[in-house]
Amino acid sequence: MRILSIAIAVFLCGILAGCGAKEAPRHNPMGLAGKYAPEAEAAFTKAHVLWDKRDVCSDPRHALELLNTAVSLEPSYAEAYLWRGLAKGELRDWDGAFDDLSRAVRLKPTAEAFAFRGLMSMRGGNLMGARKDLDRSLAISKKQHRAWNFRGALNFMEGRIDAACADFAKGCDYGDCTGLESVTATGECPK
């Protein structure tokens with residue numbers, strides 16, 4: 001009976017991965033990653049929930065305040081710079097948005113960061129820079145639906161309708177049909 005009890009204890013110890021551990025895992029109610037200071041991550045999380053699934057912020061000024069806190073506490077917080085750049089873009093601060101997105105790209109050069117910087121370049125009138133960033137985004141990940149849709153919009157602006165339709169279709173293939181639905185509804189692209 002004692003051997004069976006020891007065997008069960010050893011088995012449970014292995015499953016629970018806690019036997020001999022110095023500290024139990026911390027409870028994480030806010031979903032913080034633990035990579036940055038908790039206050040910085042909490043400010044980022046509060047700001048991030050202000051965006052909807054279409055990347056539109058319900059309160060960009062409040063988001064900006066929260067993200068200012070995050071980056072002041074953690075100057076290497078790439079995601080906070082990315083979303084702060086988007087908040088500045090919503091407030092039409094194109095230069096500030098581009099600067100923050102450039103910092104995000106330097107800290108963590110992801111397909112998403114290049115896609116959003118391409119968007120801000122396009123909104124700020126730098127179409128050549130926008131194309132470069134959107135192409136770079138797609139070179140990193142062909143599945144970056146935002147880059148396909150943003151590049152589709154860029155092609156559309158430049159009168160490259162066939163290329164725009166193809167890019168919007170790719171964006172739809174990877175999960176965001178917003179651009180394609182918009183141009184098919186207006187008859188610009190075939191259904």
Side-chain angles (χ1 to χ4, degrees), residues 23-154 167 170-171 174-176 178-179:
E23 182 179 321
R26 292 184 300 163
H27 180 60
N28 192 359
M30 291 198 56
L32 304 180
K35 185 175 179 185
Y36 301 105
E39 299 83 10
E41 288 190 4
F44 173 80
T45 301
K46 289 174 186 174
H48 193 255
V49 299
L50 295 173
W51 272 270
D52 65 18
K53 65 181 178 179
R54 299 183 90 168
D55 298 326
V56 176
C57 186
S58 62
D59 188 352
R61 290 192 193 288
H62 184 54
L64 188 58
E65 291 172 14
L66 291 164
L67 293 164
N68 284 339
T69 299
V71 298
S72 71
L73 293 169
E74 291 288 348
S76 63
Y77 201 161
E79 293 84 3
Y81 283 106
L82 188 147
W83 292 95
R84 188 172 82 166
L86 294 177
K88 287 179 178 181
E90 298 248 355
L91 296 169
R92 299 189 182 282
D93 175 6
W94 307 126
D95 291 337
F98 184 82
D99 289 347
D100 276 354
L101 290 162
S102 292
R103 181 169 249 171
V105 163
R106 280 192 303 277
L107 291 168
K108 191 174 178 184
T110 64
E112 181 180 50
F114 278 105
F116 281 132
R117 190 171 76 173
L119 173 66
M120 287 307 139
S121 291
M122 184 171 45
R123 287 182 176 172
N126 179 1
L127 303 186
M128 189 183 314
R131 182 166 302 281
K132 183 179 175 184
D133 277 343
L134 296 171
D135 289 346
R136 174 71 179 168
S137 174
L138 293 169
I140 294 169
S141 173
K142 293 288 184 199
K143 295 181 179 183
Q144 180 45 255
H145 62 86
R146 290 179 180 101
W148 287 112
N149 283 320
F150 298 160
R151 197 174 77 174
L154 177 61
D167 283 350
K170 281 287 197 183
Y174 293 116
D176 183 358
T178 310

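- If you take CZ on Arg106 and OG on Ser76, they are separated by 13.0 Å, rounding to the nearest 0.5 Å.
- Not counting sequence neighbours, the partners of Arg146 by the side chain to side chain contact (heavy atoms under 4.5 Å, CB included) test are Asp55, Glu112, Ala115, Phe116, Gln144, Phe150.
- Of all heavy-atom pairs spanning Leu101 and Leu82, the tightest one is CD2-O, 3.5 Å.
- When every heavy atom of Ser72 is checked against every heavy atom of Pro75, the shortest pair comes out as O-CD, 4.4 Å.
- Identified under the ring pair (Phe, Tyr, Trp, His ring centres under 6.0 Å) test for residues 56-80, with sequence neighbours left out: Tyr36-Tyr77, Phe44-Tyr77.
- With sequence neighbours left out, Leu73 forms a side chain to side chain contact (heavy atoms under 4.5 Å, CB included) with Glu39, Ala40, Thr69.
- Listed for the Thr45 side chain is a donor-acceptor partner under 3.5 Å among the backbone atoms of Glu41.
- For residues 57-86, the set of pairs meeting the salt bridge (Lys or Arg N to Asp or Glu O under 4.0 Å) definition, not counting sequence neighbours, comprises Glu79-Lys108, Arg84-Asp100.
- Of the possible donor and acceptor atoms, none in the side chain of Glu90 sits under 3.5 Å from a partner among the backbone N and O of Pro60.
- The CG atom of Asp167 lies 8.5 Å from the CG atom of Asn149; values are rounded to the nearest 0.5 Å.
- Residues meeting the salt bridge (charged side-chain N to carboxylate O under 4.0 Å, His left out) test with Asp135, sequence neighbours left out: Arg151.
- A distance of 14.0 Å separates NZ in Lys143 from OG in Ser137, rounded to the nearest 0.5 Å.
- Minimum heavy-atom separation, Ala47 to Ala63: CB-O, 3.9 Å.
- Considering only residues two or more places apart in sequence or on other chains, Asp52 meets the side chain to side chain contact (heavy atoms under 4.5 Å, CB included) condition with Arg54, Val56.
- Remark: Thr178 engages Asp176 in a side chain to side chain donor-acceptor pair (under 3.5 Å) (not counting sequence neighbours).
- Take Arg136 and apply the side chain to side chain contact (heavy atoms under 4.5 Å, CB included) test, not counting sequence neighbours, and it matches Phe114, Ile140.
- Summarising the geometry of Gly85 relative to Ala97, their closest heavy-atom pair is O-CB, 3.1 Å, with the distance given to 0.1 Å.
- Rounding to the nearest 0.5 Å gives a distance of 15.0 Å between OH of Tyr81 and CG of Leu86.
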May I have the list of side-chain donor-acceptor pairs in residues 118-129 shorter than 3.5 Å, sequence neighbours left out?
| unit_1 | atom_1 | unit_2 | atom_2 | d |
| --- | --- | --- | --- | --- |
| Ser121 | OG | Arg117 | O | 3.2 |
| Asn126 | OD1 | Gly129 | N | 2.8 |

